[in-house]
Every structure is written in C-alpha cells, then in structure tokens.
Amino acid sequence: MTLLPLFLVGPELGLTSMHVGGVFAGMAAVGVVATQPAAMLADKFGRPQAVVCGISLVGVSMMLLPFTVFGPVAVGVVVSGLALGNAIASPALTSRLIDVVLPADRPQALSLVRTF
C-alpha cells in the first residue's frame, strides 16, 4: 500500500492526484461497507476459510495491479478487490489473535498487527 500512490502517478498510468484520491476513497468505502458482513461470514463459515478467501483475493488483486493500464476505472476495480480481500481477512485474523493471546498481552499484540 505504501508504493501504490507512486505506481498510480507513475508513467504507466499517469493518474492525477484527484484520481489517486478517488482510488483511496473507494478503497475506504469498500472497507467500511464490507467489514461487518465479512465478520459475520467469518463467524458463520469459520475463520480459517475467511482468511484464505481474503488473502487469496488480495493476492489476485496484487497480481492484476500491474496490468491495469487502462485507466482509473480498471485501477478502481482491482484496488476494490484488494480492499475487499482485506475486509474479509482482517476481522478473522483479529478474532483469532484475541483467541490465542493472553488478555494482558492483547493491546500490544493488536498494535503490532495493525503496524504491519
């Protein structure tokens, strides 16, 4: 995610700063809308399945990102897949962390997870 703005404004895509802001706003919107339903699905079908599904979607989106040379709409679709995969995997990973870490160590563990 750190290098994504550089890729978006680079010579391959050449998006304007307004387009880059729109891409990140779209990612945030997907995350806000999808996190709660994804958490409910993770509770229903199991956390490991949610993690595998979410990480797979992130991986596919990252593999497709270099091929999005067709403009901001293609970038938005691929980056939305990235945000959706993150929204699917994140609640399951956080819940699993809370399950395995002692209560006294949870704040530090959660802050380490959010750092990376």
Side-chain angles (χ1 to χ4, degrees):
M1 295 301 294
T2 304
L3 298 177
L4 184 60
L6 296 176
F7 173 73
L8 295 177
V9 298
E12 294 84 16
L13 291 174
L15 299 180
T16 65
S17 58
M18 183 182 77
H19 288 129
V20 174
V23 166
F24 278 93
M27 285 178 61
V30 169
V32 166
V33 170
T35 299
Q36 183 64 33
M40 291 176 5
L41 289 173
D43 288 340
K44 183 176 182 177
F45 295 110
R47 293 178 187 147
Q49 290 84 353
V51 170
V52 168
C53 180
I55 297 299
S56 298
L57 187 55
V58 168
V60 169
S61 297
M62 291 301 281
M63 287 186 335
L64 291 175
L65 193 58
F67 303 107
T68 57
V69 293
F70 303 111
V73 174
V75 171
V77 169
V78 171
V79 173
S80 293
L82 178 69
L84 182 61
N86 189 30
I88 292 170
S90 184
L93 289 170
T94 303
S95 298
R96 180 67 181 146
L97 179 76
I98 289 173
D99 289 344
V100 298
V101 174
L102 296 173
D105 297 330
R106 285 181 188 160
Q108 183 178 9
L110 287 169
S111 64
L112 284 172
V113 166
R114 294 295 172 208
T115 301
F116 301 108

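Counting from 1, the numbers follow the sequence of the chain as shown.
- In this structure, Ile88 CD1 and Ile55 CD1 are separated by 10.0 Å, a value rounded to the nearest 0.5 Å.
- Val79 and Val33 are assigned to two separate hydrophobic clusters, defined by single-linkage of ILVMFWY side chains at heavy-atom distances under 4.5 Å.
- At a threshold of 4.5 Å between side-chain heavy atoms, the hydrophobic network of Ile, Leu, Val, Met, Phe, Trp and Tyr places Leu8 and Val77 in two separate groups.
- Of all the heavy atoms in Ser111 and Gln108, the pair that sits closest is OG-O, 2.8 Å.
- Taking 4.5 Å as the limit, every side-chain heavy atom of Leu84 sits out of range of all side-chain heavy atoms of Ser80.
- Inter-residue side-chain proximity for Leu97 and Val113 is flagged as met; some heavy-atom pair is nearer than 4.5 Å.
- Annotation for Leu57 and Gly85: closest pair CD2-N, 3.5 Å, computed over non-hydrogen atoms.
- Residues Ser61 and Gly81 share a closest heavy-atom pair of OG-C, 3.2 Å.
- Within 6.0 Å of CZ in Arg96 there are 12 or fewer heavy atoms belonging to other residues, nucleotides or ligands.
- Put simply, Val78 and Leu15 are part of the same group of oily side chains (I, L, V, M, F, W, Y) that touch within less than 4.5 Å, one to the next.
- Criterion: ILVMFWY side-chain heavy atoms under 4.5 Å apart, direct or through other members. Under it, Val23 and Val30 are not part of a common hydrophobic cluster.
- In the hydrophobic clustering of ILVMFWY residues, with side-chain heavy atoms under 4.5 Å counting as a link, Leu64 and Phe24 come out together.
- Put simply, the side chain of Thr94 never gets that close to the backbone of Pro91: no donor and acceptor are under 3.5 Å apart.
- Looking only at distances, a side-chain donor or acceptor of Arg106 sits under 3.5 Å from a matching main-chain atom of Ile98.
- Between Arg47 and Ser95, the shortest heavy-atom distance links the atoms NE-CB, 3.3 Å.
- A donor-acceptor pair is defined here as one N or O able to donate and one able to accept, closer than 3.5 Å; such a pair exists between the side chain of Thr68 and the backbone of Leu65.
- In this structure, CG in Leu4 is found 7.5 Å from CE in Met62, a value given to the nearest 0.5 Å.
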